[in-house]
Asker: 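Quick one: this structure, given as structure tokens, is what I'll be asking you about.
Computation of the quantities below employed the complete heavy-atom set of this structure, encompassing side-chain atoms and omitting hydrogens, waters and symmetry-equivalent molecules.
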Amino acid sequence: MKKIKLDIVGLSYSQTQSGAYALVLGEMGGNRRLPIIIGGFEAQAIAVEIEKMQPSRPLTHDLFKTFADNFQINIQEVLIYNLIDGIFFAKLICSNGDKTFDIDSRTSDAVALAVRFGAPIYVYDFIMDAAGIVIESNDFAFLENLEGLPKENTMSSTTPPPTEKEHTPKSPYFNMSDDQLEINLNKAIEAEQYETAAKIRDEIERRKNR
């Protein structure tokens, strides 16, 4: 089976579905996207590493990496290898220098570890054919409403995602200055309020992309 290399295109907080995030993986050199609804903790774990935030104490995925590093175990790649009854199946391809072995993982956990190990992410082509979405531009307005997007555990591949941006309330950080956002971001990280930090990060990114 052909493997398709992916990168992380976006991680968006839903203002219409409390606690939900959309992790969007994109086909390298192509215009297909694989969106997956994930939980808040998993989204935080990915965002913290992407944004190079420094938690006061290690998160679970940081602990896993430290453990693996101490025993000379490296993640060579992440592979999303199956889609059964609307559930994604992923695995970590690991090596200790002497042998290579696979470890089953949820997709969100696998991605959170991939960004920490600098490991590539792949998906088999039949999964992208079944669950991928073709995007004609870099407009990810559809992430504003996560109804119908594929989910990590309850994906329905027959339900198309919304394509029109719906009206949603402004971010609670909308009226803050850039300096205030940075100050509040640092405070949230120090207090280990990573969900709040992710929301502030989203507002900072929104302003950069205006």
Asker: Side chains of Y81 and D104: is there a donor and an acceptor less than 3.5 Å apart?
Answerer: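 There is such a pair between these side chains.
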Asker: So I93 and I75, do their side chains get closer than 4.5 Å, heavy atoms only?
Answerer: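 A side-chain contact is absent here, since even the closest heavy-atom pair is not under 4.5 Å.
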Asker: Out of curiosity, does L34 fall in the hydrophobic cluster containing M1 (side-chain heavy atoms, cut-off under 4.5 Å, transitive links)?
Answerer: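 Yes, M1 connects to L34 through the hydrophobic network.
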Asker: Indicate yes or no: at least one non-hydrogen side-chain atom of L113 is less than 4.5 angstrom from one of V111.
Answerer: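 No, every pair of side-chain atoms sits at 4.5 Å or beyond.
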Asker: Do K65's NZ or CZ and the ring of F117 fall within the cation-pi criteria of under 6.0 Å and 45°?
Answerer: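 Here K65 passes the 6.0 Å and 45° test against F117.
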Asker: Please check if the side chain of D69 supplies one atom and the backbone of T66 the other of a donor-acceptor pair under 3.5 Å.
Answerer: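 The answer is no, because no donor-acceptor pair under 3.5 Å joins these two groups.
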Asker: Below 4.5 Å, heavy atoms only, C-beta onward: do E203 and L181 meet side chain to side chain?
Answerer: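 E203 reaches L181 side chain to side chain.
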Asker: What distance separates M53 CE from L185 CG, expressed to the nearest 0.5 Å?
Answerer: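 Rounded to the nearest 0.5 Å, the CE-CG separation comes out at 5.0 Å.
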Asker: Run the side-chain contact (heavy atoms from CB on, under 4.5 Å) test on R32 and I4 for me, step by step, so that the C-alpha distance in whole Å, both residues' side-chain angles and the decisive distance to 0.1 Å come before the verdict.
Answerer: CA-CA 11 Å; R32 289 185 296 177; I4 297 171; 3.4 Å; yes
Asker: Do I46 and Y21 make a side-chain contact, defined as non-hydrogen atoms from C-beta onward lying under 4.5 Å apart?
Answerer: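 A side-chain contact is absent here, since even the closest heavy-atom pair is not under 4.5 Å.
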Asker: Starting from I84, can I reach M128 by hopping between I/L/V/M/F/W/Y residues whose side chains sit under 4.5 Å apart?
Answerer: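 Same cluster: M128 reaches I84 through Ile, Leu, Val, Met, Phe, Trp or Tyr contacts under 4.5 Å.
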Asker: Mind listing the closest non-hydrogen atom pair of L59 and A45 along with its distance?
Answerer: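 Between these two residues, the closest heavy atoms are CD1-CA, 4.3 Å.
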Asker: Any non-hydrogen side-chain atom of L79 less than 4.5 Å from a side-chain atom of K3?
Answerer: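 Contact flag for L79/K3 side chains = yes.
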Asker: Is there a side-chain contact between I204 and D178, using heavy atoms and a 4.5 Å cut-off?
Answerer: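 No, side chains not in contact.
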Asker: So, for Q180 and M176, which heavy atoms are closest and what is the spacing to 0.1 Å?
Answerer: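 What the structure gives for the nearest pair is OE1-CA, 3.3 Å.
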Asker: Quick one: do I36 and V134 end up in the same hydrophobic cluster if we chain Ile, Leu, Val, Met, Phe, Trp and Tyr together by side-chain heavy atoms under 4.5 Å apart?
Answerer: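 No: no chain of side-chain contacts under 4.5 Å links I36 to V134.
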Asker: Rounded to the nearest 0.5 Å, how far apart are NE2 of H61 and CZ of R116?
Answerer: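 Between atom NE2 of H61 and atom CZ of R116 there are 6.5 Å.
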Asker: Kindly compute the distance separating CG (N184) from OG (S177), expressed to the nearest 0.5 Å.
Answerer: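 Spacing of CG (N184) from OG (S177) equals 9.0 Å.
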Asker: In Å, rounded to the nearest 0.5 Å, how long is the span from CD of Q72 to CG of N74?
Answerer: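 With rounding to 0.5 Å, CD (Q72) is 11.0 Å from CG (N74).
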Asker: Take S95 and Q76, measure what side-chain contact (heavy atoms from CB on, under 4.5 Å) needs, and give me the verdict at the end.
Answerer: CA-CA 7 Å; S95 174; Q76 295 183 324; 3.5 Å; yes
Asker: Starting at CD1 of I200, measure out to CD of E51 and round the result to the nearest 0.5 Å.
Answerer: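 So the CD1 of I200 and the CD of E51 are separated by 12.0 Å.
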Asker: If we only count heavy atoms from C-beta on, is the E42 to T107 side-chain gap below 4.5 Å?
Answerer: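 The answer is no, as the side chains (C-beta and beyond) never meet within the 4.5 Å cut-off.
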Asker: Taking the six-membered ring for Trp, are F126 and Y124 parallel (under 30°), tilted (30 to 60°) or perpendicular (over 60°)?
Answerer: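 The rings of F126 and Y124 lie parallel, inter-plane angle below 30°.
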Asker: Answer yes if M28 and V9 sit in the same cluster of Ile, Leu, Val, Met, Phe, Trp and Tyr residues linked by side chain heavy atoms under 4.5 Å apart, and no otherwise.
Answerer: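 Different hydrophobic clusters.
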Asker: How many angstroms lie between CG in D62 and OG1 in T60, if you round to the nearest 0.5 Å?
Answerer: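 Result: 8.5 Å between the selected atoms.
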Asker: Around atom NZ of K5, are there more than 12 heavy atoms from other residues, nucleotides or ligands closer than 6.0 Å?
Answerer: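 Check fails, neighbour count at 12 or below.
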Asker: How close do A131 and P35 get, heavy atom to heavy atom, and via which atoms?
Answerer: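 Nearest heavy atoms, A131 then P35: O-CD, 4.1 Å.
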Asker: Side chains of L92 and D109: does their closest heavy-atom pair fall under 4.5 Å?
Answerer: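 No. Closest side-chain heavy atoms not under 4.5 Å.
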Asker: Any chain of hydrophobic side-chain contacts (each under 4.5 Å) joining V115 to I73?
Answerer: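 Same cluster: V115 reaches I73 through Ile, Leu, Val, Met, Phe, Trp or Tyr contacts under 4.5 Å.
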